[in-house]
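Values reported hereafter were calculated over all heavy atoms of this structure, with side chains retained and with hydrogens, waters and symmetry mates removed. We count ligands from 1, going down the list as the structure has it; atoms in each ligand are counted the same way.
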Amino acid sequence: MAKINFGGTEENVVTREEFPLEKAREVLKDEVIAVIGYGVQGPGQALNLKDNGFNVIVGQRQDSKTWDKAVADGWEPGKTLFPIEEALDKGTIIQYLLSDAGQISVWPTVQKYLKPGKALYFSHGFGATYKERTGIIPPKDVDVILVAPKGSGTSLRRMFLEGRGLNSSYAIFQDATGKAKDRVVALGIGVGSGYLFETTFQREVYSDLTGERGTLMGAIQGIFAAQYEVLRKNGHSPSEAFNETVEELTQSLMPLVAENGMDWMYANCSTTAQRGALDWWKKFRDATLPVFSDLYSEVAKGNEAQRSIDSNSQSDYRVKLEAELTELRESEMWRAGAAVRQLRPENDKK
Ligand SMILES: NC(=O)C1=CN([C@@H]2O[C@H](COP(=O)(O)OP(=O)(O)OC[C@H]3O[C@@H](n4cnc5c(N)ncnc54)[C@H](O)[C@@H]3O)[C@@H](O)[C@H]2O)C=CC1
Ligand SMILES: CC(=O)[C@](C)(O)C(=O)O
Ligand SMILES: [Mg+2]
Ligand SMILES: [Mg+2]
């Protein structure tokens with residue numbers, strides 16, 4: 001464990017330096033890691049583990065598009081790719097990476113294969129935290145652990161291939177074998193994390209649901225839509241409104257924030273921009289703070305979890321989600337965005 005000072009608060013974290021890949025391989029050398037589900041996190045984690053030299057198999061519904069995707073990614077039916085029940089049987093570590101709603105419906109099957117000493121691994125605190133709503137109550141004699149990569153499985157894989165790492169949180173819900181800590185940290189390193197920070201299942205799910213509904217996905221789209229609308233209402237062209245709302249942010253300014261922080265991005269803009277940004281950011285904070293407080297409380301009460309269970313458990317949830325995504329894609333702002341992306345010089349020939 002390394003003690004790192006994060007803005008004045010010391011936290012224990014695990015880095016790849018103190019827990020190198022060789023140590024992770026040693027810890028997990030006798031384990032069969034069964035990755036159940038091959039949606040977004042499944043491929044990222046399974047492929048990274050495989051490339052890092054772990055013994056990993058994939059469990060996925062047969063006759064599904066994602067089974068075909070797993071085959072295309074190099075998983076071999078009968079050798080490293082199995083129907084879900086077979087993989088559950090073979091695995092000593094069950095990485096439960098079905099969608100959170102899918103985890104509820106397949107849970108009775110999973111339970112049958114949780115023999116004493118196995119480990120049940122999640123990438124979200126959802127199922128175990130909201131157990132009254134999900135029915136996911138693991139038996140006492142298995143380890144229950146979590147590694148939650150803080151980003152899309154697509155990024156987890158891409159960053160791994162670039163020699164980078166996506167940070168993850170880790171948590172232990174239940175240590176039945178005395179090996180839970182070593183197992184979870186080794187898996188966190190194995191899936192290609194940057195550094196690992198400690199959390200609990202409940203803190204992971206509360207912060208994650210807040211983040212994705214908030215600044216990461218929900219709030220960002222809301223702020224984009226509001227500014228775009230004001231610019232358009234005042235006679236600005238779609239090209240101008242999109243560039244001034246989204247393109248400049250993703251292409252120019254956020255990479256500067258990522259590299260060296262907000263003040264540095266500000267310092268690389270005009271003094272005119274800096275004056276205005278320093279004056280206006282607090283107004284935006286004050287305007288949105290009540291919304292964020294409401295959001296956190298809805299998450300903590302379990303209402304957000306229930307809403308997602310109810311909608312994502314319906315048999316036609318994919319069709320309905322796709323219809324809502326299409327509406328977003330076909331809004332003027334994002335159609336303008338498609339045209340702008342096409343005009344990026346690097347996309348010239350595509
Ligand atoms: N998408 C992401 O990048 C992230 C996901 N997570 C967590 O990781 C876990 C997996 O999430 P995703 O990869 O997004 O899942 P997903 O929505 O892509 O679904 C994964 C797989 O579940 C299967 N599935 C769904 N319902 C099923 C059912 N009833 N029976 C059998 N198979 C079923 C699908 O065929 C798919 O292959 C979740 O707990 C999620 O919260 C955590 C961090 C980021
Ligand atoms: C990518 C991620 O970590 C999210 C947004 O929390 C999720 O996909 O659930
Ligand atoms: Mg997340
Ligand atoms: Mg999430």
Side-chain angles (χ1 to χ4, degrees), residues 34-48 58-73 75 81-88 94-110 120-130 134-136 144-160 166-171 173 187-188 191-194 199 201 203-221 295 299 304-305 308-309 311-318 320-322 325:
V35 173
I36 308 299
Y38 207 72
V40 184
Q41 277 299 316
Q45 297 195 25
L47 291 168
N48 288 0
V58 170
Q60 174 58 37
R61 276 185 294 202
Q62 268 171 307
D63 302 321
S64 67
K65 265 197 240 154
T66 37
W67 174 279
D68 299 340
K69 177 172 158 37
V71 172
D73 284 352
W75 302 98
L81 173 62
F82 301 94
I84 289 178
E85 289 215 38
E86 243 181 286
L88 285 168
I94 308 298
Q95 291 202 180
Y96 203 21
L97 298 181
L98 299 183
S99 69
D100 295 298
Q103 289 178 24
I104 297 173
S105 59
V106 179
W107 178 244
T109 309
V110 172
L120 175 63
Y121 164 114
F122 295 90
S123 285
H124 200 7
F126 194 104
T129 301
Y130 298 115
T134 64
I136 296 181
V144 182
I145 55 184
L146 166 147
V147 173
K150 293 290 111 185
S152 167
T154 304
S155 317
L156 184 73
R157 180 63 180 161
R158 285 186 185 171
M159 289 169 78
F160 174 84
L166 189 65
N167 301 328
S168 302
S169 58
Y170 75 93
F173 188 81
L187 287 162
V191 299
S193 301
T199 189
F201 274 56
R203 285 208 301 265
E204 194 285 329
V205 72
Y206 284 13
S207 57
D208 194 84
L209 293 182
T210 300
E212 67 203 17
R213 281 155 183 71
T215 59
L216 303 178
M217 295 170 70
I220 194 78
Q221 165 61 18
L295 164 58
V299 167
E304 279 303 308
S308 122
I309 292 169
S311 86
N312 296 340
S313 301
Q314 293 170 19
S315 57
D316 60 349
Y317 78 98
R318 284 244 171 243
K320 287 183 174 152
L321 273 181
E322 187 47 40
L325 293 178

Atom 8 (O) of ligand 2: any protein heavy atom closer than 4.0 Å: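 Within 4.0 Å: no protein heavy atom nearby.
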For [atom], which protein heavy atom lies nearest, and how many Å away is it?
atom: atom 24 (N) of ligand 1; result: Arg61 NH2, 3.5 Å
atom: atom 7 (C) of ligand 1; result: Ser123 O, 4.0 Å
atom: atom 26 (N) of ligand 1; result: Gly102 CA, 3.5 Å
atom: atom 3 (O) of ligand 1; result: Gly153 N, 2.8 Å
atom: atom 20 (C) of ligand 1; result: Leu97 O, 3.5 Å
atom: atom 11 (O) of ligand 1; result: Leu98 O, 4.1 Å
atom: atom 13 (O) of ligand 1; result: Gln41 N, 2.8 Å
atom: atom 19 (O) of ligand 1; result: Ser99 N, 3.4 Å

Taking all non-hydrogen atoms of both residues into account, name the closest pair between [X] and [Y] and its distance.
X: Asp73; Y: Pro43; result: OD2-CB, 4.4 Å
X: Phe82; Y: Ala87; result: CB-N, 3.9 Å
X: Val299; Y: Glu304; result: CG2-CG, 3.9 Å
X: Asn167; Y: Gly194; result: OD1-CA, 3.7 Å
X: Val40; Y: Ser152; result: CG1-OG, 3.7 Å
X: Ser308; Y: Arg213; result: CB-NH2, 4.4 Å

Considering the heavy atoms of [X], write down every atom of ligand 1 situated less than 4.0 Å from one of them.
X: Thr66; result: 35 (O), 37 (O)
X: Pro149; result: 43 (C)
X: Gln60; result: 35 (O), 37 (O)

Decide whether the shortest distance between a heavy atom of [X] and an atom of ligand 1 is less than 4.0 Å.
X: Lys150; result: no
X: Arg318; result: yes
X: Tyr38; result: yes
X: Ser105; result: yes
X: Gly151; result: yes

Heavy-atom side-chain proximity of Phe122 to Ile136 below 4.5 angstrom: yes
Looking only at distance, does [X] have an N or O less than 3.5 Å from an N or O of ligand 1?
X: Gln103; value: yes
X: Asp100; value: yes
X: Ile84; value: no
X: Val106; value: no

Glu204 (side chain) donor-acceptor with Gly125 (main chain) under 3.5 angstrom: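 Side chain of Glu204 to backbone of Gly125: a pair is present.
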Any donor-acceptor N/O pair, Thr129 side chain to Phe126 backbone, under 3.5 Å: no
4.0 Å heavy-atom contact, Met217 with ligand 2: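 Judged by the 4.0 Å heavy-atom criterion, Met217 does count as contacting ligand 2.
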Exercise: do Ser193 and Ser168 side chains pair donor with acceptor under 3.5 Å: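 There is such a pair (donor and acceptor under 3.5 Å, judged by atom type) between the side chains of Ser193 and Ser168.
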Measure the [atom1]-[atom2] distance between [X] and [Y] for me, rounded to the nearest 0.5 Å.
X: Leu120; Y: Leu88; atom1: CG; atom2: CG; value: 9.5 Å
X: Tyr170; Y: Thr199; atom1: OH; atom2: OG1; value: 10.0 Å
X: Ser99; Y: Ile104; atom1: OG; atom2: CD1; value: 8.5 Å

Aromatic ring pairing Tyr96/Trp107, orientation class (parallel under 30°, perpendicular over 60°, tilted between):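 Correct class here is tilted.
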Parallel, tilted or perpendicular: ring planes of Phe173 versus Phe201, cut at 30 and 60 degrees: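 Geometry flag for Phe201 against Phe173: tilted rings.
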The Mg ion (ligand 4): angle it makes with OD2 (Asp208) and OE1 (Glu212), nearest 10 degrees: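 Asp208 OD2 and Glu212 OE1 form an angle of 90° at the Mg ion (ligand 4).
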Close N or O approach (Ser152, ligand 2; < 3.5 Å): no
Sub-3.5 Å N/O-N/O distance, Asp208 and ligand 2: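 There is such a contact, yes.
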Asp316 atom CG, over 12 foreign heavy atoms within 6.0 Å: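 Above 12, so yes.
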Contacting atoms of ligand 2, where contact means under 4.0 angstrom from a heavy atom of Glu212: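 Taking each heavy atom of Glu212 in turn, ligand 2 has 4 (C), 5 (C), 6 (O), 7 (C), 9 (O) under 4.0 Å.
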Which segment of Ser64 sits under 4.0 Å of ligand 1 when only heavy atoms are counted: neither
